[in-house]
Amino acid sequence: MLSVQPYAEMAEKPDTGILFVCEDMPLYKEENKALLCEKIRNLPEFAAKAEKIYFVSMPEEMPLPRVIMVGLGKKEELDAEKFRRAAAAAVKAAMEAKEKCPAVFLPDAKETLQSETTVKAILEGLVLANYRFDSYKKESELRVLEKIIILAEKTAQSGIEKLAAGVEAVCTATHLARTWVSTPSNDKRPEALCDMFEKAAASEGLETRRMGKKELEKLGFGAMLAVAQGSDAGPCLLTLHYHPEKTADKTVALVGKGVTFDSGGLDLKPPAGMEGMKMDMAGAAAVVATSIALARTRPSFRFIAAIPIVENMPSATAYRPGDVFRAYNGKSIEVMNTDAEGRLILADTLAWLADVEKPDLMLDVATLTGACMVALGDEIAGGFTEDSMLAHALARAGEETFERCWPMPLPKDYKKLLKSELADLRNVSTTRNGGAITAALFLKEFTGETRWAHIDIAGPAYLSKASACCPAGGSGFGVRLLHHLLTDLEKNGNL
Ligand code: BES
Ligand code: MN
Ligand code: ZN
């Protein structure tokens with residue numbers, strides 16, 4: 001999708017140029033561009049406000065028929081996200097104008113931000129925004145751009161090419177996650193979703209294995225099987241395996257919640273918004289897509305991703321409030337609410353991975369609690385870990401990708417809220433307060449001694465309204481966050 005080319009040797013003819021304009025700072029040294037930006041910036045209807053678009057038609061003799069000017073706002077408010085959003089706004093404008101192949105003039109502004117950070121953010125905005133999910137419509141309203149040309153100086157070309165390849169690997173994986181999340185639940189029953197994940201992962205060179213009901217029974221996944229028993233669709237556990245060329249000394253384990261539809265079970269959810277529960281496999285989607293992004297960028301650690309997939313339904317065979325089940329690690333769980341199903345399928349999976357793989361780091365991603373949305377809103381995920389170094393790295397990865405992840409507590413004394421009269425644990429707290437925390441504390445009971453973090457993405461996993469970089473629907477949240485976090489930990493020797 002991205003093609004880096006020196007201006008003089010442009011291989012194909014772009015239909016538009018894209019120029020970035022800051023309210024109070026010139027971004028281009030070259031005279032023609034500088035003059036044009038200066039002129040347009042002063043138009044009151046544009047004024048280079050952040051994400052504002054202005055189309056300029058070019059005279060006949062110019063190499064480009066038109067230019068899309070995109071605003072960045074004020075110099076002192078500039079950050080990577082401003083560039084990301086501006087680039088995304090320009091792509092959206094190009095799509096609306098029915099362009100096929102625009103060319104982007106990267107700003108020369110080294111003064112504003114470290115130039116690599118700026119360039120990377122721009123490339124991310126371009127790729128993230130160049131996405132639609134319209135396979136359920138007879139006619140698509142907007143067509144994605146076939147190609148986006150990045151015009152670079154010859155000397156910078158190879159550096160930008162490397163950056164572009166990395167960005168494209170990760171951001172097109174984000175597209176995959178979005179599509180899976182937006183797909184309606186009738187087209188992603190557990191087997192079908194498992195097929196989609198498996199196909200996508202295998203085509204990127206990942207080794208895949210899957211287990212069905214029988215194998216899960218043998219392994220002792222009592223909690224996951226309890227959730228699955230209400231649906232006529234059986235459960236699946238998909239695992240993805242990656243090995244680096246050189247033998248790895250570190251192993252990372254990833255887990256993603258894959259509930260293809262969460263009706264609540266016998267503790268049925270109210271009708272308002274139940275249709276939104278098709279997104280309850282967004283953690284699984286993020287983990288599979290991250291695995292694909294990693295397979296493309298080839299890190300030096302080994303990883304295994306485990307994705308438990310079920311449908312949570314009420315029926316004559318459904319698990320009941322009050323039932324007790326035994327999880328993989330032998331702990332018994334009294335089900336006090338069948339709508340707290342995510343933690344049950346994660347419990348077995350986490351305990352199994354910790355036991356069998358003994359990973360150096362284990363991360364799970366889940367649309368786990370409405371309470372996390374109450375705490376942090378629609379755009380910020382909750383990050384739970386007892387490892388302060390990891391908490392810090394996670395928060396920083398959140399800032400740098402703008403897939404923000406706020407550090408949340410795991411207070412030991414709150415464990416009393418999960419005490420059951422009958423079993424080792426109950427699956428929901430005795431109080432509604434602090435629901436995101438008690439859910440995380442429940443998971444912790446299944447992680448053994450493994451270094452672990454839990455990421456609750458209930459808020460940002462699905463957009464009810466389009467954002468700058470993403471149409472309404474699945475957001476693909478978590479893919480850039482996890483990829484950035486793991487690459488960072490690896491680079492800094494912190495795995
Ligand atoms: N999948 C939901 C959490 C959720 C809610 C995700 C809204 C995205 C948007 C989860 O399975 C759930 O139902 N959690 C319950 C837990 C409660 C029963 C303790 C909740 O948050 O209400
Ligand atoms: Mn639920
Ligand atoms: Zn759920």
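In each ligand, atom 1 is the first atom listed, and ligand 1 is the first ligand listed. What's counted below: heavy atoms across the whole structure, side chains too, no hydrogens, waters or symmetry copies.
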Which residue holds the protein heavy atom closest to [atom], what is that atom called, and what is the gap in Å?
atom                    : value
atom 22 (O) of ligand 1 : Gly370 N, 4.5 Å
atom 18 (C) of ligand 1 : Asn337 ND2, 3.5 Å
atom 7 (C) of ligand 1  : Met277 CE, 3.5 Å
atom 14 (N) of ligand 1 : Leu368 O, 3.5 Å
atom 19 (C) of ligand 1 : Val428 CG1, 3.5 Å
atom 15 (C) of ligand 1 : Asp339 O, 4.1 Å
atom 2 (C) of ligand 1  : Asp262 OD2, 3.5 Å

Side-chain ion pair, Lys278 and Asp262, N-O less than 4.0 Å:
no
Closest to atom 16 (C) of ligand 1 (judged by heavy-atom distance), picking from Met373, Met336, Arg343, Lys257
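The option holding the nearest heavy atom is Arg343.
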Taking both backbone and side chain into account, is any N, O or S atom of Lys257 nearer than 2.8 Å to the Zn ion (ligand 3)?
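An N, O or S atom of Lys257 is closer than 2.8 Å to the Zn ion (ligand 3), so yes.
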Distance-only side-chain donor-acceptor flag, His454 / Thr385, under 3.5 Å
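Absent: no donor and acceptor within the cut-off.
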Would Glu198 and Thr208 count as having a side-chain donor-acceptor pair, cut-off 3.5 Å?
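Yes, because at least one side-chain N or O of Glu198 sits under 3.5 Å from a partner of the opposite role on Thr208.
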Just wondering, do His392 and Leu390 contact through their side chains at under 4.5 Å, heavy atoms?
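Side chain of Leu390 against side chain of His392, heavy atoms only: no contact under 4.5 Å found.
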Any atoms of ligand 1 less than 4.0 Å from a non-hydrogen atom of Lys269? List them with their elements.
12 (C), 13 (O)
What atoms of ligand 1 come within less than 4.0 Å of a heavy atom belonging to Asp280?
1 (N), 11 (O)
Hey, can you tell me if Trp352 and Phe221 have their rings parallel, tilted or perpendicular (30° and 60° cut-offs)?
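It falls in the perpendicular class, over 60°.
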Measure from NZ or CZ of Arg85 to the centre of the six-membered ring of Phe83 and say whether it is under 6.0 Å with the direction within 45° of the ring axis.
no
Kindly confirm or rule out a cation-pi arrangement of Arg178 over Tyr131, judged by NZ or CZ under 6.0 Å from the six-membered ring centre and within 45° of its axis?
yes
Taking the six-membered ring for Trp, is the centroid-to-centroid distance between Trp452 and Phe384 below 6.0 Å?
no
At a 4.0 Å cut-off, with the gap strictly under it, does some heavy atom of Arg432 reach an atom of ligand 1?
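The answer is no, since Arg432 has no heavy atom less than 4.0 Å from ligand 1.
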Give a rough value, rounded to 10 degrees, for the angle at the Mn ion (ligand 2) between atoms OD2 of Asp262 and O of Asp339.
170°
Leu368 backbone acceptor or donor facing Asp456 side chain under 3.5 Å:
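Pair found, side chain donor or acceptor close to backbone of Leu368.
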